[in-house]
Amino acid sequence: MDIAGELNPQQQQAVTSSGRAILVLAGPGSGKTRVLAHRIAHLVQQRSVAPWAIMAVTFTNKAAREMRERVERLLGGQPDGLTLGTFHATCARILRRQADCLTAPADFVIYDAKDQESVVKQALKKLNLDEKRYRPRQILSIISRAKNELIAPEAFQARTYLEEVAGRVYGEYQALLRENDALDFDDLLMQVVFLLDTHPAVLRKYQQRYRHILVDEFQDTNTAQYVLIKQLAGGQGNLFCVGDEDQSIYLFRGADWRNVRRFREDYPESETILLEQNYRSTQLILDAAQAVIKRNSNRTHKALFTERKGGARITVGEPYDEDEEAEFVVNTIRRGNADPGSYAIMYRTNAQSRRIEEAFVRAGMPYRLVGATRFYARREVKDVIAYLRVVHNQADSIGLLRIINVPPRGIGAKTIAALQNWAAEQGIPLAAALEKIAATGDGTRSGRAPLPFPGRARKALVRFANLLTGWVMQRDTVPVPELMDLILEKSGYRAYLCDGSREGEDRWENILELRNVAREYPELTLTEFLERVALVSEVDNLTDEGDAPTLLTLHAAKGLEFPTVFILGVEEGILPHKRSWDEPEQMAEERRLFYVGITRARNKLYLLHCFRRAFWGDPDLGLPSRFLSDLPPELIDDREGMAAGAAVSYDYTGSALFSPRSSGTVGRSLLTPARAPSRGISPSPVKSRPIARPVEPSYRTGQRVRHDSFGEGIVIEAEPADGDEIVTVAFEDKGLKRLLASMAKLQAVDDE
């Protein structure tokens, strides 16, 4: 069988190359898994390499299974001894085989995220540090970054006071892991690197065994993974890495696309092969994707092409708000002739799923949610709803048990069990039992029955009972959003979530989205509000069967493809995310994330941004994403999108422009053209001007500047404009402003 016969010329070159260090830069949809599988089969069948001399590593079990299945089909059976799996699984096997060289035994346990958090809490307690001040998840994030960079506790150097605390916890954390014969996921990588570095005989053993090392998704490797594959390849091994800098979207997990550059520096004689033929999308979609990604620097240009010439133009639409955005998606799918399962709805953050989920529920249409919990089933959303339910009805013992020690307030499992038993003896609900405890004078007796609670537990119960009583007293006098704010602050739940970690920030965004539900319907009483969310939540459980559209984040979309893709919230602050505004590296990753989203579409792409959005608090005017200005006008469909038939495009400032066919009203709805003006939103249309680009920009992204009226801020972007510059600045007190540089007279704070 000719293994390489069915491949295109670039794929054939990659599969059959005899180079010792090969870097394959594979564009989206270019068949990288196919190339890796064929490379393994070629080595075994055509070059007589023993399967046990080959190691192939990837990032997910799914990718490893797919690769193994392809190899077995190509070879007509299972290759004995082939090492093919995830980085972590491969490292775990090495550590167990070499247990005699480790401090941990061969039967070590692997701690997951919850286990790790428990160990950090123990370490904090041993160091007499308050876990409410030093959040375990935040400390874990710092420890994980250190391990990814191969920094042991004794070598950890702090740059801030928090890092100094984390450094002390790091040492205790590792000691506790050793006491429990445990490793965490980061240890699996770091310990193998340290093992190979300190035991030359072990290193030689694995170098001599694995003569060919293949790496999938190379752009997602961190420092530890890169050092590991370099160790194993040594001076004689063959290294075959497949990746794409343009699809590196996991910086928050430690992934470093610069490993592609390091590879070229460490292996100057390496061969670079580009996979540019796409087997997924139309040429029009590829042209749009390339127009977006070419703005990133320090990348390898790939001229993506396909045999699918032309294609449907991209619809860029501006619905009035998030509800119309969701309704447009649902109506488009309902009116379409394609199978519902051929549609994907993508968004930047999990919190965005709430509106689209509710729109599907209202329409009675099923949907599938990938990579996340349904909005109303998310832990933090259920917590806050439970608080509101208990305030509404103190007899709700299920809700009360959920929140009584969330966040932790010193009411442990034994105290809760004692409270339940005592309430049962008294024949009263749990909330009434709490009231009785709070009403006792000396805390020793209530009627005839003694209180079975020690002083500390009783005080904790009294504090919670007083909080609950205060909220109940205000439930009928304040609107639901204000009641929610009171609960979030007084309960400590906001501080509990906002611990400085990325997960905490994402969870807080979900709470803000729940708050937006209450703000949308200010006339609803607490009873009506709870009824509304309960009905939506209940219907959610019935919409998980059959061929249905897929809802997922852009991060979860990596590796997937769909005939039709909607990307929602293509706006400043969402995509790109607000936390990337003052970080050039993160801004570049946001652009890569948008690129990944575009290239998931096979046939048709919709990009939607709202005229108004209430995503993180009060409703405000939406600002179209700067990324939209990169799309060539000829790729955008001017016959769809705006309800009045206006052609939408974007100038170099990112502002929405309308063609002469437009009625002149910015923010016109995709669904109901008269709705926006009826709410009093009718700014004047913007006129386009020719662009004269300056040679060098005067301002840079991330630069701190001062304005005489607006105060200090950070430059988000500087764009050329008729020999001048339009500078977008995020001011601390005034928000986002777009200014003409020659008129604004901004002062660079860094230069003072």
Side-chain angles (χ1 to χ4, degrees), residues 7-11 24-35 63 66 217 219 242-249 274-296 299-317 329 332-333 336-348 370 549-550 552-568 570 575 591-608 625 627-628 630-637 640-641:
L7 305 176
N8 68 42
Q10 292 173 313
Q11 292 173 334
V24 180
L25 297 180
S30 61
K32 68 176 181 60
T33 304
R34 189 185 203 191
V35 165
E66 182 181 349
E217 302 287 7
Q219 78 281 348
V242 181
D244 182 10
E245 311 111 307
D246 294 337
Q247 297 184 73
S248 180
I249 58 173
L274 304 183
L275 300 187
E276 298 171 303
Q277 183 170 357
N278 179 281
Y279 293 91
R280 175 189 301 154
S281 306
T282 64
Q283 188 63 54
L284 186 142
I285 289 174
L286 295 181
D287 290 345
Q290 291 181 100
V292 168
I293 200 63
K294 72 180 182 181
R295 293 286 302 274
N296 272 1
R299 56 176 294 271
T300 304
H301 174 70
K302 290 173 287 296
L304 302 181
F305 69 95
T306 177
E307 294 180 355
R308 301 185 62 202
K309 306 302 180 185
R313 287 191 287 181
I314 298 167
T315 296
V316 179
V329 172
T332 301
I333 294 173
N337 296 321
D339 293 334
S342 66
Y343 294 92
I345 301 95
M346 301 178 186
Y347 33 81
R348 175 64 178 81
V370 174
T550 301
L552 71 171
T553 66
L554 288 165
H555 281 102
K558 180 80 175 293
L560 303 177
E561 58 182 74
F562 303 89
T564 301
V565 168
F566 298 84
I567 302 181
L568 311 186
V570 190
L575 184 65
R591 187 178 291 278
R592 294 194 292 268
L593 189 60
F594 187 46
Y595 172 79
V596 166
I598 291 174
T599 55
R600 300 310 95 189
R602 290 205 291 260
N603 305 324
K604 177 63 179 176
L605 177 65
Y606 293 85
L607 305 175
L608 304 181
S625 171
F627 301 153
L628 292 174
D630 300 326
L631 298 176
E634 63 271 17
L635 304 184
I636 297 174
D637 193 340
E640 298 186 61

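Here the structure is a predicted model, which means the values were calculated and not measured. What's counted below: heavy atoms across the whole structure, side chains too, no hydrogens, waters or symmetry copies. Throughout, residue positions are numbered sequentially from 1 according to the sequence presented.
Side-chain contact between Leu560 and Thr550 is absent, with no heavy atoms from C-beta onward closer than 4.5 Å. At a threshold of 4.5 Å between non-hydrogen side-chain atoms, the residues Thr564 and Tyr606 count as touching. In this structure, the side chains of Leu607 and Phe627 stay at 4.5 Å or more apart for every pair of heavy atoms. A heavy-atom distance below 4.5 Å is found between the side chains of Pro549 and Ile345.
Counting all heavy atoms, side chain and backbone alike, Ala288 lies closest to Ile314 at CB-CD1, 3.3 Å. Contact record, Gln290 with Tyr595: N-CE1, 4.5 Å, taken as the closest heavy-atom pair. A pairwise comparison of heavy atoms in Leu552 and Ala557 identifies CD1-CA, 3.5 Å as the closest pair. The shortest non-hydrogen separation linking Leu25 to Lys302 is O-CD, 3.8 Å. The shortest non-hydrogen separation linking Thr332 to Tyr343 is O-OH, 4.3 Å. Taking all atoms of both residues into account, the shortest heavy-atom contact from Val292 to Arg591 is O-NH1, 3.0 Å.
No hydrogens or angles considered: nothing links the side chains of Gln10 and Gln277 as a donor-acceptor pair under 3.5 Å. Side chains of Asn603 and Arg308: a donor on one and an acceptor on the other come within 3.5 Å. In the model, Thr282 has no side-chain atom that pairs as donor or acceptor with a side-chain atom of Lys604 under 3.5 Å.
When atom types are taken as modelled, the side chain of Lys32 and the backbone of Leu275 share no donor-acceptor pair closer than 3.5 angstrom. When atom types are taken as modelled, the side chain of Gln219 and the backbone of Ile249 share no donor-acceptor pair closer than 3.5 angstrom. A donor-acceptor contact shorter than 3.5 Å links the side chain of Asn8 to the backbone of Gln11. Between the Arg280 side chain and the Pro28 main chain, no donor and acceptor come within less than 3.5 Å of each other. In this structure a side-chain-to-backbone donor-acceptor pair under 3.5 Å is missing from Arg295 to Ala291. Proximity of a side-chain donor or acceptor of Asp244 to a complementary backbone N or O of Asp246 within less than 3.5 Å is detected.
With rounding to the nearest 0.5 angstrom, the CG atom of Leu575 is 7.0 Å from the CZ atom of Arg348. Residue Tyr347 holds its OH atom at 14.0 Å from CG of Leu608, rounded to the nearest 0.5 Å. In this structure, the separation between CG on Leu635 and CZ on Arg313 is 8.5 Å, given to the nearest 0.5 Å. Atom-to-atom distance recorded for Ile598:CD1 and Met346:CE is 11.0 Å, nearest 0.5 angstrom. Between the OG1 atom in Thr599 and the NZ atom in Lys558 there is a gap of 9.5 Å [rounded to 0.5 Å]. Taking CG of Leu274 as the start and OG of Ser30 as the end, the distance is 10.0 Å to the nearest 0.5 Å.
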Run the salt bridge (Lys or Arg N to Asp or Glu O under 4.0 Å) check on Arg602 and Glu561 step by step: do they pass? CA-CA 7 Å; Arg602 290 205 291 260; Glu561 58 182 74; 2.9 Å; yes
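Enclosure of atom CD in Glu307 is not indicated, since only 12 or fewer non-hydrogen atoms of other residues, nucleotides or ligands lie within 6.0 angstrom.
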